[in-house]
Amino acid sequence: MEISMNDLVKRVKTNMEELLDVREVDVIMSVGIDIEEYIQAKIPDAILAVWSTEPVWSLPLSECQSTLVPEPRPDGSGRVILPDDVWQMVYFCMEGWKRPVTEFIDISSPKYELQLNPYTRGSVSSPVCVLSNEGGQKYIDYYSLPRNEKAHRVSSARYVAYPNKETSTYELLPHLIPAVCYTCAAMVYEIIGRPEQAAAMLRSIVR
């Protein structure tokens, strides 16, 4: 469901006020702390914190197939540069593959060295994708298509995008909204130096 930033802010403030007495509210206001600004700034971080513990099917997916331009190599492998807002790749498939890749490796994986050998690398039957990041730019090296395949085309590519800090609404499953709000409240309490209240907010999360 879509929920507005304003609604999230109100929910977080309500959670926080449950632990604040009148004296504490006066102290916060007297030092010029704008709680709403802190909440708005931390909501994207709270969303990511909750998403990191959830199965991928519960997260909003974006399709980027139309924006990807493969850079083929003569050996049948290739590379695609990913959008800047990719947080987690979920699904990638080249035209000609018999199945998609849903688990991505990096260069630290033992499987990576196998991709450097034409006899042990991924194929149309068992493709492999290596996800890398250089200077903040994410890309996928894919293995692979037949050597004589000249036209490399992406048939589908899905990912979870970073929450947009400038948006007025977020796409969240209803059961994740309380966890996001309590997590955000905990983050704000940490900022204003109230670790006990932060811990209490995290204890309030029901999974």
Side-chain angles (χ1 to χ4, degrees), residues 1-62 64 82-91 102-110 131-138 158-207:
M1 64 173 285
E2 282 197 351
I3 182 168
S4 70
M5 170 68 86
N6 288 339
D7 194 2
L8 287 171
V9 169
K10 289 177 182 177
R11 292 176 184 229
V12 175
K13 287 181 68 177
T14 298
N15 291 346
M16 296 180 69
E17 287 167 0
E18 291 175 358
L19 295 182
L20 289 176
D21 57 29
V22 175
R23 183 182 60 82
E24 287 179 306
V25 173
D26 290 341
V27 169
I28 289 174
M29 296 305 295
S30 67
V31 296
I33 295 174
D34 189 333
I35 291 296
E36 287 198 11
E37 283 189 11
Y38 285 159
I39 292 172
Q40 290 179 7
K42 299 309 292 184
I43 279 175
D45 294 334
I47 291 173
L48 284 183
V50 172
W51 280 357
S52 67
T53 65
E54 293 296 313
V56 70
W57 58 260
S58 68
L59 310 182
L61 300 184
S62 300
C64 61
L82 298 174
D84 292 337
D85 65 343
V86 169
W87 176 62
Q88 181 178 339
M89 284 301 299
V90 174
Y91 185 103
T102 55
E103 294 185 7
F104 300 80
I105 66 171
D106 59 30
I107 60 174
S108 67
S109 169
L131 186 61
S132 300
N133 187 333
E134 288 185 4
Q137 179 64 70
K138 293 182 180 179
R158 300 171 202 154
Y159 69 100
V160 181
Y162 281 102
N164 186 345
K165 294 184 178 182
E166 307 301 325
T167 190
S168 60
T169 60
Y170 291 99
E171 183 69 27
L172 293 169
L173 288 181
H175 77 276
L176 296 183
I177 292 173
V180 168
C181 293
Y182 279 119
T183 300
C184 183
M187 290 177 172
V188 174
Y189 271 131
E190 288 287 354
I191 292 174
I192 63 177
R194 285 170 166 72
E196 292 184 2
Q197 286 91 338
M201 288 290 98
L202 294 178
R203 287 194 298 270
S204 299
I205 298 173
V206 177
R207 299 283 185 178

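- Side-chain contact between Cys184 and Tyr189 is absent, with no heavy atoms from C-beta onward closer than 4.5 Å.
- The CD atom of Gln197 sits 10.0 Å away from atom CD of Glu190, with the distance rounded to the nearest 0.5 Å.
- Partners of Tyr162 by side chain to side chain contact (heavy atoms under 4.5 Å, CB included), not counting sequence neighbours, listed by chain and number: Leu48, Trp87, Lys138.
- Under a 3.5 Å cut-off, the side chain of Ser204 and the backbone N or O of Ala200 do form a donor-acceptor pair.
- Of the possible donor and acceptor atoms, none in the side chain of Tyr182 sits under 3.5 Å from a partner among the backbone N and O of Ile177.
- In this structure, the side chains of Arg194 and Val188 stay at 4.5 Å or more apart for every pair of heavy atoms.
- In terms of the side chain to side chain donor-acceptor pair (under 3.5 Å) criterion, residue partners of Asp85 (sequence neighbours excluded) are, by chain and number, Tyr159.
- Side chains of Met89 and Leu131 form a contact here, defined as non-hydrogen atoms less than 4.5 Å apart.
- Residue pairs meeting the salt bridge (charged side-chain N to carboxylate O under 4.0 Å, His left out) criterion with at least one partner in residues 36-51, sequence neighbours excluded, are Lys13-Glu36, Lys42-Asp45.
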- request: Evaluate side chain to side chain contact (heavy atoms under 4.5 Å, CB included) for Gln40 paired with Leu8, printing each intermediate quantity in order.
  value: CA-CA 9 Å; Gln40 290 179 7; Leu8 287 171; over 6 Å; no

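- In terms of the side chain to side chain donor-acceptor pair (under 3.5 Å) criterion, Glu171 has no residue partners (sequence neighbours excluded).
- A distance-only check finds no donor-acceptor pair linking the side chain of Ser109 to the backbone of Ile105 [under 3.5 Å].
- The line from CD of Glu54 to OG of Ser52 is 8.5 Å long, rounded to the nearest 0.5 Å.
- In this view, Thr102 and Tyr91 satisfy the side chain to side chain contact (heavy atoms under 4.5 Å, CB included) rule, not counting sequence neighbours.
- Every residue meeting the side chain to side chain donor-acceptor pair (under 3.5 Å) condition with Asp106, not counting sequence neighbours, appears here in chain and number order: Ser108.
- Minimum interatomic distance between Ala161 and Ser62 (heavy atoms only, all atoms of both residues): CB-OG, 4.3 Å.
- The side chain to side chain donor-acceptor pair (under 3.5 Å) test applied to Tyr170 returns no partner, not counting sequence neighbours.
- The side chain to side chain contact (heavy atoms under 4.5 Å, CB included) search around Pro55 returns Trp57, Ser58, not counting sequence neighbours.
- The heavy-atom pair separating Ile47 from Pro163 by the smallest distance is CG2-CG, 3.7 Å.
- Pro83 places a side-chain heavy atom less than 4.5 Å from the side chain of Val86.
- Two residues are said to be in side-chain contact when any heavy atoms from C-beta on lie closer than 4.5 Å; Met1 and Leu173 fail this criterion.
- Atom CG of Asn15 and atom OG1 of Thr183 lie 10.0 Å apart (nearest 0.5 Å).
- Atom-to-atom distance recorded for Met5:CE and Thr169:OG1 is 9.5 Å, nearest 0.5 angstrom.
- To the nearest 0.5 Å, atom CE of residue Met187 and atom OH of residue Tyr38 are 15.5 Å apart.
- When side chains are defined from C-beta on, Val180 does not count as touching Arg11, because their heavy atoms never get closer than 4.5 Å.
- Taking the side chain to side chain contact (heavy atoms under 4.5 Å, CB included) definition, one finds that Gln137 meets it with Ile81, Asp84, sequence neighbours left out.
- In Ile107, the CD1 atom is not crowded: 12 or fewer heavy atoms of neighbouring residues, nucleotides or ligands sit closer than 6.0 Å.
- Rounding to the nearest 0.5 Å gives a distance of 7.0 Å between CD1 of Ile43 and SG of Cys181.
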query: Hey, mind stepping through Trp51 and Leu172 against side chain to side chain contact (heavy atoms under 4.5 Å, CB included) and telling me if it holds?
result: CA-CA 10 Å; Trp51 280 357; Leu172 293 169; 3.7 Å; yes

